[in-house]
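So the structure is just underneath, and the comments pick up after that.
Note that this is a predicted model, so its numbers are computed, not measured. Below, read A as the first sequence line, B as the second, and so on, with proteins coming before strands; counting in each chain starts at 1.
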Amino acid sequence: MDDYPEHEARRYNPAAIEPKWQQRWLDGDLYQVENDDPRDTRYVLSMYPYPSGPAHIGHVRNYTFGDLLVRYHTMQGKAVLSPIGFDSFGLPAENAAIKSGEHPRPFTDARIEELTTSLRRMGAVYDNRRTIKSHDPSYMYWNQKFFIDFWNNDLIYRTTAPVNWCPGCQTVLANEQVVDGRCERSDDPVERRDLEQWFCRITNYAQELLDELDDLEWPDRVKVMQRNWIGRSEGAEFGLPIADTDGNPQTDVEPLTVYTTRPDTSFGMTFAVMSPEHPRVDELTTDEQRPLVEAFRQEVANKSEIDRLSTEGAIEKRGVFTGGRVINPFNNKPIPVYLADYVLMTYGTGAIMAVPGEDQRDWDFAEAYGLDIIRTVQPPDDFEGEAYTGDGPAINSEWLNGLEMAEAKAKAIEWLEKRDLGEAKVNYRLRDWLFARQRFWGCPIPMIYCDAGCGRHGIVPAPESDLPIVAPDDVEFQPSGESPLLHHEGFLNTTCPECGGPAKRETDTMDTFVDSAWYFLRFCDPWSDEVPFATAAAEKFMPVDQYIGGIEHAILHLMYARFFTKALADLGYAPKDLREPFKRLFTQGMVRMGGSKMSKSKGNTVSPEEYVDAHGADSLRLAILQAKPPAEDVDFEDFQLEGCERFLNRVWRLAATDSDFITGVRHGDPTESDREIEGDTHRLIDRVTGEYERWAYNTAVAAFMEFTNSLYKYVQADQGPHGPTLDFAIDSLLQLMAPAVPHITAELWAMGHEGEHIHERSWPVADPSKLTVSTVTMVLQVNGKVRDRVEVDVDISDDEAESLALASERIQAQLDGAAPRKVIVRAPKLVNVVA
RNA sequence: GCCCGGGUGGCGGAAUGGCAGACGCGGCGGAUUCAAAAUCCGCUGUCCGAAAGGGCGUGUGGGUUCGACUCCCACCCCGGGCACCA
């Protein structure tokens, strides 16, 4: 039988209190914000989660940081916009559907339900009225509306292009989704296919996407990744006249255009290289070389992306001579034209001038094929490498000789422009966004192919009255992974909105990154039917003040979301001056499982759900906050769950009104030690507020523990605690902890304050006059080594400090009779005696 | 190869030019208990020493400084990103 019935009520029992408070937050309106709320706003947003079932530990870490901020800013008196939604289209649901034969919708809805419940059990609070889901037709409506608008404004186009095809996923992939030649999702080797596809002109915004990075409060590494991805380069584009068999320029033939970032080295151009896919290869190839060229092009076409990108393999096998020649316009000399697999048709002009003296790839190629190498930049005397890519005076370059790189570049470009041969040119590595996928579980592309050829390229947008186009329910999933829409006659067949004749619907769906490219705007006003969001609502809340998510989205999602925001502003949906969606970005580290082996004893086989069942959400949240600075990766086994639970128990014993820990308190005038605790409390408020502001949650938790340890000593001291001092200390501690561990603090507060709700309290403010201490420990050093310490008044003078130091026995022992050479005084912190 | 991070006790980490190791985990000792768990209190970088005290100590080597985990130079190791982009 239970031996301690009377203790049962006193013990900290998270299972009893957490669901109660979660229900209260769900039913209440504390975390709901109205669009006409007069308070100052804060928009705190965690990245749109893919609903994969109950929260895993990575989710919990992410949403704990977000929830802490939401609660903190709410206590600071802000109108905090804290919505959540679900990135609910995508492959996992579709793959489950292919396996089970069932429609992905019920599967997805069930996963959303699980994740919602799971996050609620972690104590996370949201404005639940604003929740959105990608697969909700009212959200799809706007995706489709935007698509048509983009099409009408030439931001969407359709073209044949070599695309990345993933045979496993049976769909095309965006460049960004190909990692080392493999599919980011399935890891299958990606094939190249020429297919007609939907593209979005994100490159229209390349320069703006680059420039506006500067003003964002984002981690530098994310900005660097974005800059690299955009890959701006400055150079020149110019024509190389095609040579006839005698090596003279053919004036009636269009020259071969090349792009280079080093026009200053043009005199060192000893050959040219074209991409094997270049449309003019046939024209430049001589009959003699044609069989070799054809074989080479065939070989490259069959090569997987992996092989082609690999730097392995002899360079001799990676190119072929076309037999053709072009003229270097700088010195009018004919040079041979080669093909090489590493020259890409998708960058620049698909053809390059080769300057082996200043480019290592060209150097290697020249050596392999016995081509001339001419240096046009003087390397430094101690240079030992092959190609020299550094700065230096131009040589072997006629009228450029002696100029440094920058000057020579400018002069070469000027020379080209004057002769109408070429011009300065900026290139970007960023490509247009491959917008569609051959999948079922996504937002259908609302376009119609008219058999009679109406519209632009025979393509007509679906009439607005038909939107949203929603995929049918009666579909059969193919084991091949093919989209069932391809075989659904009812969906496929339609009539042309322009001529009324027979027409076919597009069966492709949008990349799911489209869904997450503007959801944060919809959160501002998810109720509107007439507009995707009221401009005024976006003006009120945007940009997101604090965006929180994983580093894995550093390029894809963030680039697309930035692009969408700019495009929607330019199309008049979003405020015109809203150029960037996320003012501050925080990328939290990942939670690694099993840095070393998993073991039951360490508790690391436990899921967040199981842990919460047994120990409560608050100690899990606290352990997450305490473990490491939020930006760093953490091993699950490093969470100090037992220590955190023990600490919450200590707080409970201290603060619970029915606890037997505090047996009596003093009243009347406070003593010296009371004033010390009061000062500690003010300093705690000051410290924790600052640490919350700068994401130093791990040290904030340390501060709670330190302070609690002091309070324990204080309460147990002979004189006992002073009532008002103790109340102030405990109240402040609970308020400061409330954003981190919301349930236990709410329960303890309600217990001591007649049912009041701690999260509706305002944030405590430290009294600046009580932050300072009256005495401090001053350190006495000899030659920078600590030899003694003395308690001194904070406002001790430098002279007094110095004489105290020189009077110290330990200092004198160190000096051993010698006179100090110098004394450095930093009163009241330290005195350093230099012997 | 280039660009970012990072390297501190047995472990996670703290300290942004001024007491290295806060806080937690683990360990050791004590109190309480018939006993244990829980709880409370104390100790816990390392070496020498009975102690007082002292030597050594923040990846390595140099430098700046009265004073360096912290700033500068060179290097080593770990993690991440980029890498035929002309």
Please report the distance, rounded to the nearest Å, between [atom1] in [X] and [atom2] in [N].
X	N	atom1	atom2	answer
A:L558	B:rG81	CG	P	16 Å
A:E386	B:rG1	CD	C1'	14 Å
A:L344	B:rA83	CG	P	11 Å
A:N228	B:rA83	CG	P	8 Å
A:M225	B:rA83	CE	P	12 Å
A:Q360	B:rA86	CD	C1'	14 Å

statement: Residue pairs meeting salt bridge (Lys or Arg N to Asp or Glu O under 4.0 Å), one or both in residues 821-835 of chain A, sequence neighbours left out, come to none

query: Quick one: salt bridge (Lys or Arg N to Asp or Glu O under 4.0 Å) pairs with a partner in residues 256-276 of chain A, sequence neighbours left out?
result: A:R262-A:D264

If you look at every strand shown and take non-hydrogen atoms under 4.0 Å, does [X] touch a base, only sugar-phosphate, or nothing?
X	result
A:R227	nothing
A:S233	sugar-phosphate
A:G643	sugar-phosphate
A:R431	base
A:Q226	nothing

query: Any side-chain donor paired with an acceptor under 3.5 Å for A:E234 and A:T261?
result: no

message: Go through it in stages, so that I can follow the logic: the residues are A:R683 and A:D686, the test is salt bridge (Lys or Arg N to Asp or Glu O under 4.0 Å), and I'd like the CA-CA distance, side-chain angles, deciding distance and then a yes or no.
response: CA-CA 5 Å; A:R683 284 185 288 278; A:D686 188 58; over 6 Å; no

If only side-chain N and O atoms of [X] are considered, is one of them under 4.0 Å from the OP1 or OP2 phosphate oxygen of [N]?
X	N	result
A:Y259	B:rA86	no
A:R429	B:rA83	yes
A:R810	B:rA52	no
A:Q814	B:rG54	yes

- request: In plain terms, say whether A:D214 and A:R227 are close enough for a salt bridge, that is, a side-chain N and a carboxylate O under 4.0 Å apart.
  value: yes

What nucleotide among [options] has an atom nearest to a side-chain atom of [X]?
X	options	value
A:R789	B:rC19, B:rA86, B:rA22	B:rC19
A:K829	B:rC23, B:rA86, B:rG18	B:rG18
A:L830	B:rC23, B:rA86, B:rG18	B:rG18

Quote, to the nearest angstrom, the [atom1] distance that separates [N] from [M].
N	M	atom1	value
B:rC48	B:rC4	P	44 Å
B:rC69	B:rA20	P	9 Å
B:rG59	B:rA68	P	15 Å
B:rU46	B:rG10	P	7 Å
B:rU8	B:rU70	P	14 Å
B:rU58	B:rC77	C1'	16 Å

I'd like to check the side-chain contact (heavy atoms from CB on, under 4.5 Å) partners of [X]; sequence neighbours left out, ordered by chain and number.
X	result
A:Q781	A:V779, A:V786, A:L830, A:N832
A:N427	A:S233, A:Y259, A:Y347, A:K425
A:P630	A:F65, A:F586, A:W695, A:Y697

statement: B/S/- along nucleotides 63-71 of chain B (protein heavy atoms under 4.0 Å) is ---BS----

- request: Quick one, give me the B/S/- string for nucleotides 2-14 of chain B, reading 5' to 3', where B means a protein heavy atom under 4.0 Å from the base and S means that only happens at the primed atoms, P, OP1 or OP2.
  value: --S-------SSS

Close aromatic pair by centroid cut-off 6.0 Å: A:F271 and A:F365: yes

List for me each residue that meets salt bridge (charged side-chain N to carboxylate O under 4.0 Å, His left out) alongside [X], sequence neighbours excluded, and say none if there are none.
X	value
A:R431	none
A:R221	none
A:D798	none
A:D788	A:R810

- request: Tell which nucleotide pairs with B:rA83, taking only Watson-Crick or G-U wobble pairs whose two distances are both under 3.5 angstrom.
  value: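 B:rA83 is paired with nothing.
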
Give every pair of a protein N or O atom and an N or O atom of nucleotides 40-49 of chain B that lie under 3.5 Å apart, one pair per line with the distance.
unit_1 : atom_1 : unit_2 : atom_2 : d
B:rC40 : OP1    : A:R650 : NH1    : 2.7
B:rC40 : OP1    : A:R653 : NH2    : 2.5
B:rC40 : O2'    : A:Q716 : OE1    : 3.3
B:rC41 : OP1    : A:Q716 : NE2    : 3.4

query: In terms of base orientation, is B:rG13 syn or anti, with the syn window spanning 90° either side of 0?
result: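 Chi for B:rG13 falls in the anti range.
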
